K.L.:
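Would you mind keeping the following structure in view while I ask a few things?
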Number of protein chains: 2
Amino acid sequence: MATQTAQGEAEIVNPLVDLIGYQLRRSSSALMGDLARSLEPYDLRPSEASVLVLIDANPRITQSEIGRILAIKRANMAPLSAALEQRGLIERAPVDGRSQGLTLTAKGSELLKDVRALIVANERRFLGKLDHSERAKLIALLQECWTEA
Amino acid sequence: MATQTAQGEAEIVNPLVDLIGYQLRRSSSALMGDLARSLEPYDLRPSEASVLVLIDANPRITQSEIGRILAIKRANMAPLSAALEQRGLIERAPVDGRSQGLTLTAKGSELLKDVRALIVANERRFLGKLDHSERAKLIALLQECWTEA
DNA sequence: TATTGTTATACTCTATAACTATA
DNA sequence: TATAGTTATAGAGTATAACAATA
């Protein structure tokens, strides 16, 4: 791979490109950075967007359940959902004495429509070339990396 | 996918699993977390390990070049290489008046042997099931996500 | 006893701005 | 003017410890 220049200067070699860990880190970073920039006008972080998607699919889900599914610690879920509630995107309703179910407000549902479109656009931007079966295989391959390894 | 429980409680659904961005984030996080734990006894972060690998392959490489290749800002490379130098893992030699070439010390090379073994073990732990062609395809697929998209 | 939600805290990675010294 | 290295600073994400209230 390392070609020579006219001056004989050594071309820089990056052995990391052969590592899947490195490729995962770089591609994840590229996708998340792109999504973060898309969400910026809405003052929403990717993690907040993922929480909204999960609440929409599971009305009255609790913070602890969200944390377990998305691998976000309870301690970090607290300020995250407090911010979403303060902005009027979600509301809390007591499930029992200690837990509260989270549900999207009308404002939250409205925002989520735009967010979904941004997410779809983000996916297309990076994986538009892949056909359906390639995409499915990639998803299955990646999922093996973090589920019950 | 959503099955019913005996009590009729709604099973929690995670629509994010169909997104490649989500799968990339979770698998990258799982791999990097595992690698970070492996490197912990050496008091080395994954980013520091990647810099050592790059310096080893390119003696007298400058901080700016490393930053451009690994997508680490110059401002963040400064304390990173200062720490590696202070620990006696790399040394600096002036290239011209403003830049310095970085090279591994004997101690750095010795450490890198262990680090390489940990990296290989980390890759195997998550992707041992994949054969060579599957692995190559995955790498190529991921690389498309972040190189000159 | 275990779980939910919370606060406080710290570390890593990332990002921008501003400065100097040199090309 | 542009680049290399540095410092200061800030924002996200992630981690642990500890606490009160509740199951």
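As the structure is a prediction and not an experimental result, all values here were calculated from the model. Throughout, protein chains are lettered first and strands after them, A, B, ... in sequence-line order, and every chain is numbered starting at 1.
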K.L.:
Main chain of G21(A), side chain of E123(B): is a donor-acceptor contact present, judged purely on distance under 3.5 Å?
P.N.:
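Checking the backbone N and O of G21(A) against the side chain of E123(B), a donor-acceptor pair under 3.5 Å is found.
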K.L.:
Roughly how many Å is it from CG in L39(B) to C1' in dT12(C), rounded to a whole number?
P.N.:
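Interatomic distance, CG of L39(B) to C1' of dT12(C): 14 Å.
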K.L.:
OP1 or OP2 of dA15(D) sitting under 4.0 Å from any side-chain N/O of R37(B)?
P.N.:
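Answer no for this pair, as no side-chain N or O of R37(B) is under 4.0 Å from OP1 or OP2.
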K.L.:
Using whole Å, what does the distance between atom P of nucleotide dT14(C) and atom CG of L31(A) come to?
P.N.:
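Distance, rounded to whole Å: 16 Å.
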K.L.:
Between R116(A) and D56(A), is there a side-chain N and carboxylate O pair less than 4.0 Å apart?
P.N.:
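Yes, this pair counts.
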K.L.:
Could you encode protein contacts along nucleotides 6-14 of chain D as a string, one character per nucleotide from 5' to 3', using B for base contact, S for sugar-phosphate-only contact and - for no contact, with a heavy-atom cut-off of under 4.0 Å?
P.N.:
BBB---SSB
K.L.:
Would one find a side-chain N or O of S99(A) under 4.0 angstrom from OP1 or OP2 of dT3(C)?
P.N.:
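It does not, given that no N or O in the side chain of S99(A) lies less than 4.0 Å from OP1 or OP2 of dT3(C).
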K.L.:
Is any side-chain N of the basic residue among R45(B) and E48(B) closer than 4.0 Å to the acidic one's carboxylate O?
P.N.:
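Yes, R45(B) and E48(B) are salt-bridged.
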K.L.:
Ignoring hydrogens and geometry beyond distance, is the side chain of R98(A) in donor-acceptor contact with the base of dT4(C) at under 3.5 Å?
P.N.:
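Result: no qualifying N/O pair found.
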K.L.:
Between N58(A) and I61(A), is there a donor-acceptor pair closer than 3.5 Å when you use the side chain of the first and the backbone of the second?
P.N.:
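Not confirmed, N58(A) side chain does not pair with I61(A) backbone.
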K.L.:
Output all residues satisfying salt bridge (Lys or Arg N to Asp or Glu O under 4.0 Å) with D131(B), sequence neighbours left out; order by chain, then residue number.
P.N.:
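Listed in chain order: nothing, the list is empty.
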K.L.:
Please report, rounded to the nearest Å, how far the C1' atom of dT4(C) is from the CD1 atom of I61(A).
P.N.:
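After rounding, the gap between these two atoms is 14 Å.
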K.L.:
Roughly, in whole Å, what's the span from CG in D34(B) to P in dA15(D)?
P.N.:
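In whole Å, dA15(D) P lies 13 Å from D34(B) CG.
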K.L.:
Does a side-chain N-to-carboxylate-O contact under 4.0 Å join K129(A) and E134(A)?
P.N.:
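The answer is no: the pair does not qualify as a salt bridge.
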